[in-house]
2 protein chains.
Amino acid sequence: MARREATKAEILDAAWDIVRAEGLAALSLRDLAKRVGMQAPSLYQYYDSKNAIYDAMFAEGNRQLLARYTKLRETDDPIRDLRVGARLFVEFCAEDAARYQLLFQRTIPGFEPSPESYAVALEVFDLGRGRLARAGFAEKRAMDLWTAMVAGLSAQQIANDPGGTRWLRLVDEVVDMFVQHMTRNRRRP
Amino acid sequence: MARREATKAEILDAAWDIVRAEGLAALSLRDLAKRVGMQAPSLYQYYDSKNAIYDAMFAEGNRQLLARYTKLRETDDPIRDLRVGARLFVEFCAEDAARYQLLFQRTIPGFEPSPESYAVALEVFDLGRGRLARAGFAEKRAMDLWTAMVAGLSAQQIANDPGGTRWLRLVDEVVDMFVQHMTRNRRRP
DNA sequence: GTCTATATTTGGATAGAC
DNA sequence: GTCTATCCAAATATAGAC
């Protein structure tokens, strides 16, 4: 039935509302049920446990990110694509701190994503790696450097200027710095 | 009495043991009391609340970091000092994920550091800013770029290679990349 | 200063009626 | 499929005896 899927989606939406307002760790089944007009035990008709809800949120967040990435069409300027992609990522992180915490930090004791959900996260990662390789940076070291810089911009933006653009507007500069550095040091021991 | 201070320190040590083993959010007064051989209510003789314990841990963590920084004596090569300082920071973060979470992320609902504890964190920040200025990078933009890169290396090291050196060993390269970039783009609009 | 006892709240999860 | 009732566990915090 589509009805069931609609209810599951409604529950997830309410869960996002709660974690955005109260913090990721503050999610409780009672609050969640109240918000969708149910009693708490009824939630178990839709999700097997609280962690199953976190897991569905994890997968959904990664699918959102994947959707934005795939919507970006590649141009004939892969460096420009890198800038756009990096900006997309930092914006995605900055617009929802709770989601960022769920997707990229491991702060909920006892929760870890299921293999199926984690597969979506891997897809995102591989897509990013592909874009980077297409720009000429296929080595593992390049990808490690790249992820560190994008992660750092995101972390600082969220932690020290939520809602602002203080680190977001450094994205282009960082990408250029990276590209120049990697180009200059190409193929050296 | 020094006895009281010794007991407070013992409690803090036990709290660090717990969060390192179980996660920052998994700290409970019952477990903590058991570990120091008390009943839970007795802890209130030493700390007013659970958040007061988090607060003391926050201050202690920052004092540890500050101590390591001040132990680094400045040389006549400020760029080299930057490398050493950045490595120190990433190592400090990587060696204790729970401490990193407490000091640099805001994941405990309802906890925020007291002004006194936060003052220590500011001291750390100012010290880093001073080192960076001494190397010739005094602009706010430079500091923002710098913190993003160091934070990114730390975050990736903790999240994706705990106990390893995969991002730690990129520190020197990142510092050089930063220095070359900032030097090249110096004094431009 | 430490304890026992307990208040109070909150939470995840299950049983079983309807 | 939703509810009520409840279980069970865990948690912070307080009161008051010793």
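- Remark: T147(A) pairs with Q156(B) by the side-chain hydrogen bond (donor to acceptor under 3.5 Å, both in side chains) rule, at least two apart or across chains.
- Residues that satisfy the side-chain hydrogen bond (donor to acceptor under 3.5 Å, both in side chains) test with D172(A), not counting sequence neighbours, are R87(A).
- When the side-chain nitrogen and oxygen atoms of Q39(B) are compared with OP1 and OP2 of dT4(C), one or more of them lie within a distance under 4.0 Å.
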Identify each donor-acceptor pair in which a side-chain atom of residues 130-138 of chain B lies under 3.5 Å from a protein atom, sequence neighbours left out, and give them as a table.
from    : atom 1 : to     : atom 2 : distance (Å)
R131(B) : NE     : E74(B) : OE2    : 3.0
R131(B) : NH2    : Y69(B) : O      : 3.4
R131(B) : NH2    : L72(B) : O      : 3.3
R134(B) : NE     : E74(B) : OE1    : 3.0
R134(B) : NH2    : T75(B) : O      : 3.1

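- The CD-C1' distance, from E22(B) to dA10(D), rounds to 14 Å in whole Å.
- Following rounding to the nearest Å, F111(B) (CZ) and dT12(D) (C1') show an atom-to-atom distance of 17 Å.
- In this structure, K34(B) places its NZ atom 18 Å from C1' of dT2(C), rounding to the nearest Å.
- In this structure, the CD atom of Q45(B) is 15 Å from the P atom of dA13(D), given to the nearest Å.
- Rounded to a whole Å, the CD atom of E10(B) is 14 Å from the C1' atom of dG1(C).
- Within the 4.0 angstrom heavy-atom criterion, no nucleotide atom of any strand lies near Y47(A).
- A ring-ring contact (aromatic ring centres under 6.0 Å, His included) check over residues 18-54 of chain B, counting only residues at least two apart or in different chains, returns the pairs Y54(B)-F111(B).
- Put simply, CG on D31(A) is 15 Å from P on dT9(C), counting in whole angstrom units.
- A cation-pi geometry, defined here as NZ or CZ lying under 6.0 Å from the six-membered ring centre and within 45° of its normal, holds between R99(A) and F92(A).
- More than 12 heavy atoms of other residues, nucleotides or ligands lie within 6.0 Å of CD in E173(A), so this atom counts as buried by the packing criterion.
- Contacts of T165(B) classified as side-chain hydrogen bond (donor to acceptor under 3.5 Å, both in side chains), with partners at least two apart in sequence or in another chain: R169(B).
- The side chain of S42(A) places no N or O atom within less than 4.0 Å of a non-bridging phosphate oxygen (OP1 or OP2) of dG1(D).
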Inset, instruction - Starting at the 5' end of nucleotides 12-18 of chain C, put B wherever the base has a protein heavy atom under 4.0 Å, S where only the sugar-phosphate does, and a dash everywhere else. - result: BBB----
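- Per the geometry, CG belonging to L43(B) stands 10 Å off P belonging to dT12(D), to the nearest Å.
- Atom CE of M38(B) and atom P of dC3(C) are 7 Å apart (whole Å).
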